[in-house]
Amino acid sequence: MIGKMKTPPRQHALRTGRISLADQVYLITTVTRRRAPVFSDLFAGRTLVRQLQHHHRSGDAETLAYVIMPDHLHWMFRLRAASLSRTVQTLKGASSRAVPALTWQAGFHDQALRDERQLKAYARYIVANPLRAGLVDRIGAYPLWDTVWLQADTEANWDWGG
């Protein structure tokens, strides 16, 4: 008799139904191992920003918004060349090599954003995370975020949902 079937690891559940579509906008969240606050160190955070910029320049993913919290990343991007899993895997691998203290938790959470009219609202929500977490009292005081829409707007005109 074959032994009792094991329950699949939790990260497998995150992959269920995951598909990669070119030109699809995704919002991913990925967490450091054991929620270590690696990005409390500004150098580590800026190193991850450079990795995001590299993915943007390489054509793999067009970054629309991100915020790097002390122990996790929220990244909204339009997938271009590679698969979703490969794009995130490449980002996590390169950033781990660049920041020796960084180890990512396996897997990531993804959401396909289908309503193009809501992307700016999602971006606002993403970059307001430091406000909601109580890390700063205004988003401009937090150094590890960006969005393509801020170039056309001013921070004062945004409803940060905080």
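We use all heavy atoms of the structure for the numbers below, so side chains are in, but hydrogens, waters and symmetry mates are not. Please read these numbers as outputs of a predicted model, since none were measured by experiment.
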(Q) Working to the nearest 0.5 angstrom, can you tell me the gap between Arg138 CZ and Leu131 CG? (A) 10.0 Å
Q: Only counting residues at least two apart or in another chain, list the ones meeting side chain to side chain donor-acceptor pair (under 3.5 Å) with Asp137.
A: none
Q: Tell me whether Leu27 is reachable from Val148 by hopping between hydrophobic residues (I, L, V, M, F, W, Y) whose side-chain heavy atoms are closer than 4.5 Å.
A: yes
Q: Determine whether Phe77 and Leu52 make a side-chain contact, defined as any pair of heavy atoms from C-beta on separated by less than 4.5 Å.
A: no
Q.
Do Trp149 and Arg124 have side chains that approach each other closer than 4.5 Å (heavy atoms only, starting at C-beta)?
A. no
Q.
Applying salt bridge (charged side-chain N to carboxylate O under 4.0 Å, His left out) as the test, list every pair that has at least one member in residues 19-29; sequence neighbours left out.
A. Asp23-Arg80
Q | Intermediate values then yes/no, side chain to side chain contact (heavy atoms under 4.5 Å, CB included), Glu116 and Val25 | A | CA-CA 8 Å; Glu116 293 276 333; Val25 175; 4.0 Å; yes
Q. Hey, are the side chains of Asp146 and Val49 touching, using non-hydrogen atoms and a 4.5 Å cut-off?
A. no
Q: May I ask you to decide if Ile68's main-chain N or O and Trp145's side chain share a donor-acceptor pair within less than 3.5 Å?
A: no
Q | Check: Ser20 side chain, Leu84 main-chain N or O, donor-acceptor pair, under 3.5 Å | A | yes
(Q) Going by the rule side-chain contact (heavy atoms from CB on, under 4.5 Å), which residues pair with Arg114 if we only count those two or more places apart in sequence or in a different chain? (A) Gln24, Ala112
Q. Is there side-chain contact between Tyr142 and Leu135, with at least one heavy-atom pair below 4.5 Å?
A. yes
Q.
Using side-chain heavy atoms (C-beta onward) and a distance below 4.5 Å, is His72 in contact with Thr32?
A. no
Q.
Once rounded to the nearest 0.5 Å, what's the spacing between atom CZ of Arg78 and atom CG of Leu21?
A. 12.0 Å
**Q.** Nearest heavy-atom neighbours spanning Asp110 and Ile28
**A.** CB-CG2, 3.9 Å
Q. What residues, two or more places apart in sequence or in another chain, satisfy side chain to side chain donor-acceptor pair (under 3.5 Å) together with Ser95?
A. Trp104
Q) Excluding sequence neighbours, so at least two apart, what forms side-chain contact (heavy atoms from CB on, under 4.5 Å) with Pro37? A) Ser40, Pro70
Q) Going through the checks in order, is the side chain to side chain contact (heavy atoms under 4.5 Å, CB included) test met by Ile126 and Thr147? A) CA-CA 9 Å; Ile126 291 164; Thr147 177; over 6 Å; no
**Q.** Pairs meeting criterion salt bridge (charged side-chain N to carboxylate O under 4.0 Å, His left out) with involvement of residues 82-107, two or more places apart
**A.** none
Q | Contacts of type salt bridge (Lys or Arg N to Asp or Glu O under 4.0 Å), residue Arg46, not counting sequence neighbours | A | none
**Q.** Leu119 to Met76 - nearest heavy-atom pair and separation
**A.** O-CE, 3.5 Å
Q) Could you state the interatomic distance from CG (Leu73) to CD (Gln51), rounded to the nearest 0.5 Å? A) 11.5 Å
Q. Ser83: what forms a side chain to side chain donor-acceptor pair (under 3.5 Å) with it, not counting sequence neighbours?
A. none
Q. Step by step, would you call Lys120 with Tyr125 a side chain to side chain contact (heavy atoms under 4.5 Å, CB included)?
A. CA-CA 9 Å; Lys120 192 173 178 180; Tyr125 183 81; over 6 Å; no
Q | Polar side-chain atom of Asp41 near backbone of Val38 as donor-acceptor pair, under 3.5 Å | A | no
Q. Going hydrophobic residue to hydrophobic residue with side-chain gaps under 4.5 angstrom, can you get from Phe43 over to Phe39?
A. no
Q: Can you sort out the partners of Arg33 under side-chain contact (heavy atoms from CB on, under 4.5 Å), two or more places apart, ordered by chain and number?
A: Thr103
Q: Can you measure from NE2 (His55) to OG1 (Thr90) and round to the nearest 0.5 angstrom?
A: 5.0 Å
Q. So do His74 and Asn129 actually touch side chain to side chain, heavy atoms under 4.5 Å?
A. yes
Q: Applying side-chain contact (heavy atoms from CB on, under 4.5 Å), name anything that partners Thr63, two or more places apart in sequence or on another chain.
A: His56, Tyr66, Trp75
**Q.** Arg50: partners by side chain to side chain donor-acceptor pair (under 3.5 Å), with sequence neighbours left out
**A.** Thr47
Q: Mind checking salt bridge (Lys or Arg N to Asp or Glu O under 4.0 Å) for Arg57 and listing every partner two or more places apart, or none if nothing turns up?
A: none
